[in-house]
Amino acid sequence: MSVNKVILVGNVGKDPEVRYVDQNTAVANFTLATTDRAYTAANGTQYPERTEWHNIVAWRGLAKIAESYIRKGTSLYIEGKIRSRTWQDQNGNNRYITEIVADSIELLGKRPEGGVAPLQPNNNNMGQPAQPYVQPTQPIMANEPAQNYQAENPNLEDNFPF
């Protein structure tokens with residue numbers, strides 16, 4: 001048995017870049033920063049604050065949520081999987097990247113001031129007015145049902161000892 005699951009809570013580093021591939025399938029890419037606080041160990045050793053940057057990839061419905069609601073500075077809770085890929089750039093150099101492919105995203109924190117979702121110009125909403133912010137009755141969260149292995153295989157039983 002193996003598990004590939006990542007849980008991150010952090011702040012978005014840049015507005016999502018959303019593009020559409022194969023039959024209008026949306027994909028969003030953005031960065032998320034997670035920070036460990038500075039602390040002093042019991043022996044007096046001081047450890048500085050440390051920030052890690054994560055490349056997040058969201059597909060389909062999650063990409064559309066990212067396009068509509070996620071902006072630089074937004075606090076997020078993300079569950080997903082680690083994926084690594086390699087490719088050759090234009091110069092023939094091997095390139096390597098590690099990404100988090102999001103399975104679910106939850107917006108954290110308060111709604112924006114004035115009740116209006118922030119609008120940052122991008123290719124998909126250039127010049128359009130900001131849509132009014134609607135306070136959800138539950139946190140905005142999306143799961144990709146096609147990736148729910150248990151739902152696709154209902155005859156499987158949970159053999160976990162807890």
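Not one N or O on the side chain of Thr45 forms a donor-acceptor pair closer than 3.5 Å with the backbone of Ala41. Asn55 contributes no side-chain N or O that, together with a main-chain N or O of Thr31, makes up a donor-acceptor pair within less than 3.5 Å. In terms of modelled atom types and a separation under 3.5 Å, the side chain of Thr25 and the main chain of Asp22 share a donor-acceptor contact.
Atom CG of Asp36 and atom OH of Tyr47 lie 12.5 Å apart (nearest 0.5 Å). Atom CH2 in Trp87 sits 10.5 Å away from atom CG in Asn94 (nearest 0.5 Å). If you take CD1 on Ile56 and CD1 on Ile70, they are separated by 9.5 Å, rounding to the nearest 0.5 Å. The line from CD of Glu99 to NZ of Lys81 is 14.0 Å long, rounded to the nearest 0.5 Å. Note that the CG atom of Asp15 and the CZ atom of Arg71 stand 5.5 Å from one another [nearest 0.5 Å].
The only option from Arg50, Glu52, His54 that meets the side chain to side chain donor-acceptor pair (under 3.5 Å) definition with Thr34 turns out to be His54. Checked options Ile7, Leu32, Val6; the residue passing with Ile100 is Val6 (criterion: side-chain contact (heavy atoms from CB on, under 4.5 Å)).
Closest approach of Phe30 and Lys14 over heavy atoms only: CB-O, 3.8 Å. Closest of all the heavy-atom pairs between Ala28 and Pro16 is CB-CB, 4.4 Å. Between Trp53 and Thr51, the closest heavy-atom pair is NE1-CG2, 3.9 Å. The two atoms that bring Leu62 and Ile105 nearest to each other are CD2-N, 4.0 Å, heavy atoms only. In plain terms, the two heavy atoms of Ser84 and Tyr96 that are nearest each other are OG-OH, 3.3 Å.
Glu49 has its side chain within reach of Thr35: a pair of non-hydrogen atoms, C-beta onward, lies under 4.5 Å apart. When side chains are defined from C-beta on, Val21 counts as touching Arg19, because their heavy atoms get closer than 4.5 Å. In this structure, Trp59 and Asp103 have side chains that are not in contact, with every pair of non-hydrogen atoms separated by 4.5 Å or more. Within the 4.5 Å cutoff, the side chain of Glu79 has heavy atoms near those of the Lys5 side chain.
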